[in-house]
Amino acid sequence: MNSTLGTIARIVTAHPGVEVVANDWGLLAALAELSATGSAGRLLYKAKRNPRLSRETLPTGLPESTPAPEDVLQRQLAQWALLPADAPWLTDWLRQMKASRVEIELVPQGLRCDAGNAMPISLHLPWTYITGGGHCPVALLRDSDGVTRCARGCRTTIVEATYPTRTWPLRQCGHTVFSPMVSLLKGYRNVPRIDRWVLSPGLPM
């Protein structure tokens, strides 16, 4: 971290107006100490991103006496769609850290944000991070002298996962799963605070 901050400090000194994207809360705080302009990166966007979620997928585990599961689903979707960065405590903290903007991804429940909040939004597309750290399906594809070793197949292999029940399309690269959710884009185009679109043609690995 110290060498990273040293590099950032030299860049900020040479280019005072540069914007640094931080995908770690500690780095964002460190940028404030350097008087650098920081952006809260996409990994700090802590929104629910369940690939099985849709407006037709009723919540499970409800009591049989629940009169209207559809209403419960709508309330859930409305809550999950709130922009976490608009929570007053987090908005205040981001401003103290001199964050210039927040970065988000497309998520199934959509986005509800405070139109009066001055902090602008960057939208990453088409890839939405779903999860990581699980089993790598291509890690054990090479066997040498009876010993199985990771062949780093994830560098050239993308696995398209399918399930018995409907999900958003899933692409797994190594331990990390993404989903292209561009069909949701129409609902995001009318959000005035989204003033920057970040395109990643390939998986953002």
Side-chain angles (χ1 to χ4, degrees), residues 17-25 28 31 37-60 68-132 160-161 165-171 173 176-205:
V18 72
E19 177 185 309
V20 182
V21 177
N23 281 300
D24 178 271
W25 297 114
L28 193 60
L31 292 175
T37 300
S39 173
R42 66 193 298 179
L43 295 185
L44 301 183
Y45 180 43
K46 303 301 183 180
K48 190 175 184 68
R49 47 197 73 210
N50 184 352
R52 292 181 174 85
L53 182 65
S54 74
R55 297 192 179 278
E56 291 76 40
T57 307
L58 296 180
T60 60
E70 296 83 1
D71 292 343
V72 175
L73 173 63
Q74 293 308 312
R75 291 197 297 271
Q76 286 181 338
L77 292 173
Q79 181 67 32
W80 292 336
L82 293 173
L83 179 64
D86 280 353
W89 69 269
L90 185 50
T91 299
D92 291 344
W93 187 83
L94 289 171
R95 286 174 173 159
Q96 291 174 29
M97 296 303 105
K98 302 181 175 64
S100 62
R101 63 175 52 245
V102 294
E103 302 191 347
I104 68 170
E105 299 174 313
L106 298 163
V107 288
Q109 62 271 23
L111 176 68
R112 294 172 58 208
C113 60
D114 180 2
N117 191 313
M119 191 167 293
I121 299 172
S122 299
L123 175 64
H124 285 258
L125 66 155
W127 300 103
T128 295
Y129 169 82
I130 301 298
T131 188
E160 296 190 9
T165 57
R166 180 182 179 273
T167 71
W168 287 84
L170 297 174
R171 310 286 187 271
C173 185
T176 311
V177 180
F178 296 90
S179 178
M181 295 189 171
V182 288
S183 60
L184 297 167
L185 189 55
K186 183 178 179 180
Y188 284 75
R189 292 178 61 188
N190 297 323
V191 179
R193 283 174 56 192
I194 298 178
D195 64 352
R196 183 182 294 177
W197 307 78
V198 185
L199 176 64
S200 299
L203 290 177
M205 296 292 289

Student: Measuring only between side-chain heavy atoms, which start at C-beta, is P204 closer than 4.5 Å to F178?
Tutor: yes
Student: How far apart are the closest heavy atoms of T128 and L106, and which atoms are they?
Tutor: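 In this case the closest contact between T128 and L106 is OG1-O, 2.6 Å.
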Student: Considering all heavy atoms of both residues, which atom of L170 and which atom of P51 are nearest to each other, and what is their separation?
Tutor: CD2-CB, 3.7 Å
Student: Heavy atoms only: give me the nearest L123-L125 pair and the separation to one decimal.
Tutor: O-CD2, 3.5 Å
Student: Taking side chain to side chain contact (heavy atoms under 4.5 Å, CB included) as the test, write out the residues that go with V182, two or more places apart.
Tutor: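 Counting only residues at least two positions away or on another chain, V182 forms a side chain to side chain contact (heavy atoms under 4.5 Å, CB included) with P126.
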Student: Looking only at heavy atoms, what is the nearest atom pair of L31 and A22, with distance?
Tutor: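 Closest heavy-atom pair between L31 and A22: CD1-CB, 4.0 Å.
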Student: Just wondering, do R171 and W127 contact through their side chains at under 4.5 Å, heavy atoms?
Tutor: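 With C-beta onward as the side chain, the pair touches.
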Student: For atom CD of E19, is the number of surrounding heavy atoms from other residues, nucleotides or ligands below 6.0 Å larger than 12?
Tutor: yes
Student: Only one of V107, N23, V102 passes side-chain contact (heavy atoms from CB on, under 4.5 Å) with Y45; say which it is.
Tutor: V107
Student: Looking at T91 and A85, what are the two nearest heavy atoms and their distance?
Tutor: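 The pair with the smallest heavy-atom distance is OG1-O, 2.6 Å.
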Student: Going by heavy atoms in the side chains, are V177 and R49 under 4.5 Å from each other?
Tutor: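 With C-beta onward as the side chain, the pair stays apart.
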Student: Do the side chains of I104 and Y188 get nearer than 4.5 Å, heavy atoms only?
Tutor: yes
Student: Okay, side chain of R193, backbone of D114: is any donor-acceptor separation there less than 3.5 Å?
Tutor: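 Between the backbone of D114 and the side chain of R193 there is a qualifying donor-acceptor contact (under 3.5 Å).
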Student: So how far is it from Q96 CD to L28 CG, rounded to the nearest 0.5 Å?
Tutor: 11.5 Å
Student: Could you tell me if the side chain of I121 sits less than 4.5 Å from the side chain of L83, heavy atoms only?
Tutor: yes
Student: What pairs with W197 under ring-ring contact (aromatic ring centres under 6.0 Å, His included), at least two apart in sequence or on another chain?
Tutor: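 Partners of W197 by the ring-ring contact (aromatic ring centres under 6.0 Å, His included) criterion come out as none, since no residue qualifies.
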Student: Any heavy-atom pair between the side chains of Q109 and Q76 that's under 4.5 Å?
Tutor: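 No. Closest side-chain heavy atoms not under 4.5 Å.
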Student: If I take atom CH2 from residue W25 and atom CG from residue L94, how far apart are they, to the nearest 0.5 angstrom?
Tutor: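 Rounded to the nearest 0.5 Å, the CH2-CG separation comes out at 6.0 Å.
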Student: Any side-chain heavy atom of E103 within less than 4.5 Å of one from S39?
Tutor: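 Side chain of E103 against side chain of S39, heavy atoms only: contact under 4.5 Å found.
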Student: Can you name the nearest heavy-atom pair linking P180 to P169, along with the distance?
Tutor: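 That closest heavy-atom pairing would be CD-O, 3.4 Å.
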Student: Is there a side-chain contact between L199 and P201 in this structure, where contact means two heavy atoms from C-beta onward sitting under 4.5 Å apart?
Tutor: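 Result yes, sub-4.5 Å side-chain heavy-atom pair found.
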Student: Backbone N or O of E105 within a donor-acceptor pair of the R42 side chain at under 3.5 Å?
Tutor: no
Student: As an exercise, state the distance from CH2 of W168 to CD1 of I130, rounded to the nearest 0.5 Å.
Tutor: 9.5 Å
Student: Go through the structure and list residues passing salt bridge (charged side-chain N to carboxylate O under 4.0 Å, His left out) with R112, not counting sequence neighbours.
Tutor: none
Student: Go through the steps for L203 and T176 under the test side chain to side chain contact (heavy atoms under 4.5 Å, CB included), then give the verdict.
Tutor: CA-CA 10 Å; L203 290 177; T176 311; over 6 Å; no
